There are 2 protein chains.
Amino acid sequence: MAVTLADVAARAGVSAATVSRVLSGNYPVAGATRSRVLRAVEELEYVVNGPASALAAATSDLVGVLVNDIADPFFGIMASAVQSEMEPEKAGRKLAVVCNTGGSPERELTYLTLLQRQRAAAVVLTGSAVEDEKHTAALAARLRRMAEAGTRIVLCGRPPLPEDAVAGRGDAPRSGKAGRDAGKDETEDGPAAPITVAFDNRGGARRLTEHLLALGHRRIGYVAGPVERTTTRHRLEGHRAALADHDPALLSDAEHLTVHGAYDRSSGYDGALELLRRAPDLTAVLAANDTVALGVCAALRDQGLRIPEDVSVAGFDDLPFSADAAPALTTVRIPLHEAGARAGRLALGRESAPPGGVATVRTELMARASTAPPRAD
Amino acid sequence: MAVTLADVAARAGVSAATVSRVLSGNYPVAGATRSRVLRAVEELEYVVNGPASALAAATSDLVGVLVNDIADPFFGIMASAVQSEMEPEKAGRKLAVVCNTGGSPERELTYLTLLQRQRAAAVVLTGSAVEDEKHTAALAARLRRMAEAGTRIVLCGRPPLPEDAVAGRGDAPRSGKAGRDAGKDETEDGPAAPITVAFDNRGGARRLTEHLLALGHRRIGYVAGPVERTTTRHRLEGHRAALADHDPALLSDAEHLTVHGAYDRSSGYDGALELLRRAPDLTAVLAANDTVALGVCAALRDQGLRIPEDVSVAGFDDLPFSADAAPALTTVRIPLHEAGARAGRLALGRESAPPGGVATVRTELMARASTAPPRAD
DNA sequence: CTGTTAGCGCCTTCAC
DNA sequence: GTGAAGGCGCTAACAG
């Protein structure tokens, strides 16, 4: 049916093995034969049969990138960065594919199964994780099994898996052939432990709240993300830590001034309305992220409130549109592209794992026009 | 190493063939054996070896979705919609993967090769195509070959391939094994022609310009997308058609009032500045899309111009943030989610092809606050 | 440096 | 309804 290796071999007057060697390039072949083979490949328009080669080699060139919401630039930027590291020029023949979990733990697991079935070379899990004991255990188990099968695991934008969830790994004693060509790549035996590129959400949220406090705000509403998500929790913790440090009394109100919702625009809109209802005197609103912040702004405007004269608003992430919002949004910048690129390199083993297997990416306060001192009334 | 079909078979006390039949589900198996097999699968945590099954069955469950810019919600929404049609509940075991071409024709081809190599079940190409004769020919050739190998091809958001580029298809005489299980699915022999879900960009642009003309605008700037892209051309054509219909004299200025740039925010910013330089008296600016429009708004504001009092601005696509911009953006809505979902169903063969293989999606004018009558000075 | 020989794990006719 | 057997296309030792 389709052109096969054998066809090419026949055309070039060599054996199939030689063609295979030329194509994979990791084996010495005479220049003359090589070009003869290449020409035959051209003429026949031969395309390797991925499944067959994956079966024989017991590895594939698929790299999975799991995202919570592909329509959200937060993930798009990271996914794009991961993929940029898999360019043919850089990493040849890798197929980085992004899978949209929609934030559902079940689908996360489903995609991992699909990827496991494909014997993926690596998997990058991006964005916040769901903090549910059962799910975490299932996730850890699946990742461990994939790692054991040689799949590299990288977490990007979520914390490392809890220690106890990954326990049980590495119980197979490593065979003793150590020191083999050390430095070029790590010893291949024993599954590589998951590597994490974490974001400093806590620190960022803390600095953002400190910024608001410094401006003089005391009644600060918080439209948080979905409960049970690591990112939601960390940002909230940073926020409250800043509050507590400044004046423990502020902390008692915090609960009342917090609402939860999805990471989308309408949650921001609804959340802001709810906060206004609970505390008409608030002077600032922090949002779970920039998209939510836009929704908050819309709600405030619809209520006849000016930003930042009447109420200050801040987001998180510093997505491209944030600087262009009217007014420009104060937010916390996460270097998503850099983080994604690094995750990509880590996934390919082109960059060595950070000490402890965890790299934390710094976040930076971007103070812009949407925050100002509160009205002096 | 890993658990295989044979292991499961042994555990369940049946043959490998039986396990295979249970798992693929398309063959009668006694209820008792079936559950025995299923239990063995559970206990052993068996996961099918994708490459092996793809090799044996000569088809895989990979579906590729090519996008020009994964960080752009325009594509994210479509990709998400395509993927939503591949949910395990709906289409079982399909792995929809999105590949980011970055708008580069070479990478588009590269990804198609990768997908071809994986014997992808289907490929969905989204967004504007590059109008370059050589590339179009190469693309058509590759798609034809993939189609011949049984891969379903769907175009979403771009026009059908030119007739002459797809010619040459179907010259291989069909093998005579017809009528096998007819009625369950279409005759599998003979490649399915590419199916297109096109957007009515021309009509949308036309209505948008008519809206501006009706408001009284005559000096209308246009920040267009990249040259050589189908979408860019179609929107521009719609715009100019409206101009010509209203007053042929307007057409002569059109060229001078058009600048080209990428589909991003900074192109909008720079483009608006350039237009202002060329025609300080313009009263409205149309943008290639909503993202570009935001850049235009930023530039105008920075020049001290109010929107829409001094200059009206309009975008295209109606991305979620457009309604929330300040002022809310007049734009043309494209039902991206619906289009993507349909493309997904088409890719799976769960929906039959539209007559002629081309479905055109309607676009709708969304007149909002960013457009108003021009100043009467 | 190149050819030969075995499988990789699964699906799919064929018999029973 | 179930088992046995061959082969999908390629890679990875081995020889030479």
Side-chain angles (χ1 to χ4, degrees), chain A residues 1-38 40-41 44-62 93 116-119 121 149-150 188, chain B residues 1-38 40-41 44-62 93 116-119 121 149-150 175 177 180-181 188:
Chain A
M1 206 188 148
V3 181
T4 75
L5 240 205
D7 298 331
V8 177
R11 187 97 144 95
V14 298
S15 75
T18 300
V19 178
S20 169
R21 293 197 263 252
V22 170
L23 263 24
S24 46
N26 47 19
Y27 209 86
V29 174
T33 20
R34 144 176 253 88
S35 52
R36 204 139 41 85
V37 168
L38 256 17
V41 168
L44 264 31
E45 297 187 315
Y46 171 69
V47 175
V48 183
N49 182 318
S53 103
L55 173 58
T59 67
S60 87
D61 46 13
L62 263 191
R93 23 209 87 282
Q116 181 182 4
R117 164 186 319 173
Q118 300 295 337
R119 304 302 190 253
E188 281 304 341
Chain B
M1 213 188 140
V3 181
T4 75
L5 240 206
D7 298 331
V8 178
R11 188 97 146 94
V14 299
S15 76
T18 301
V19 179
S20 169
R21 295 198 260 252
V22 170
L23 262 24
S24 45
N26 46 21
Y27 208 87
V29 174
T33 19
R34 143 176 254 86
S35 52
R36 207 139 38 84
V37 168
L38 258 16
V41 168
L44 263 30
E45 296 186 317
Y46 171 68
V47 175
V48 181
N49 182 319
S53 94
L55 173 59
T59 67
S60 87
D61 46 13
L62 264 190
R93 24 211 86 284
Q116 182 182 2
R117 168 184 317 173
Q118 299 296 336
R119 304 299 188 256
S175 48
K177 49 165 176 174
R180 175 193 46 133
D181 200 14
E188 282 302 344

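Just so you know, these numbers use all the heavy atoms, side chains as well, and skip hydrogens, waters and symmetry mates. Just so it is clear: chains get the letters A, B, ... in the order the sequence lines come, proteins before strands, and each one is counted from 1. It should be emphasised that the depicted structure is a prediction, and the values quoted were computed from it without experimental measurement.
- If you measure from atom OH of A:Tyr46 to atom C1' of D:dC10, you get 7 Å, rounded to the nearest angstrom.
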What does the list of N/O pairs under 3.5 Å between the protein and nucleotides 14-16 of chain D look like, with a distance for each?
none

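- At C:dT2, none of the side-chain N or O atoms of A:Thr18 fall inside 4.0 Å of OP1 or OP2 (strictly under the cut-off).
- A:Thr33 comes within 4.0 angstrom of the backbone, heavy atoms only, and of no base.
- Residue A:Ala17 is classed as a base contact, given a heavy-atom separation below 4.0 Å to a base.
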Contact list (N/O, under 3.5 angstrom) for nucleotides 6-8 of chain C vs protein:
residue, atom, partner, partner atom, Å
C:dC8, O2, A:Ala56, N, 3.4

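- Contacts with DNA chain C (heavy atom under 4.0 Å) in residues 7-15 of chain B: none are found.
- Looking at heavy-atom distances under 4.0 Å, B:Leu5 makes contact with sugar-phosphate atoms alone, never a base.
- Taking only side-chain nitrogens and oxygens, A:Ser20 never comes nearer than 4.0 Å to OP1 or OP2 of D:dC10.
- One interatomic measurement links the two molecules: CZ of B:Arg117 to C1' of D:dG9, which rounds to 14 Å at whole-angstrom precision.
- By the side-chain contact (heavy atoms from CB on, under 4.5 Å) test, B:Leu38 is found to be paired with B:Val22, B:Leu23, B:Arg34, residues two or more places apart in sequence or in another chain being considered.
- Per the geometry, CZ belonging to A:Arg34 stands 12 Å off C1' belonging to C:dC1, to the nearest Å.
- Minimum interatomic distance between B:Val19 and B:Val8 (heavy atoms only, all atoms of both residues): CG1-CG1, 3.9 Å.
- The structure places CG of A:Asn49 at 9.5 Å from OG1 of A:Thr4, a figure rounded to the nearest 0.5 Å.
- Remark: A:Thr33 pairs with A:Val14, A:Val29, A:Ala30, A:Arg36 by the side-chain contact (heavy atoms from CB on, under 4.5 Å) rule, at least two apart or across chains.
- Under the 3.5 Å distance criterion, the side-chain polar atoms of A:Ser60 are matched with a main-chain donor or acceptor of A:Gln118.
- B:Leu55 approaches A:Ala52 most closely through the heavy-atom pair CD1-CB, 3.6 Å.
- Across every non-hydrogen atom of A:Arg119 and B:Val47, the tightest pair is NH2-O, 3.9 Å.
- Of the possible donor and acceptor atoms, none in the side chain of A:Ser20 sits under 3.5 Å from a partner among the backbone N and O of A:Ala16.
- Across all non-hydrogen atoms, the minimal contact from A:Ala40 to A:Ala12 is CB-CB, 4.0 Å.
- Between the axis at the start and the axis at the end of the helix from C:dC1-D:dG16 to C:dC16-D:dG1 there is an angle of 30°, using five pairs per end and rounding to 10 degrees.
- Side-chain nitrogen and oxygen atoms of A:Ser53 include none within less than 4.0 Å of the OP1 or OP2 phosphate oxygen of D:dG9.
- The shortest heavy-atom contact between A:Ser53 and A:Val48 is CB-CG1, 4.2 Å.
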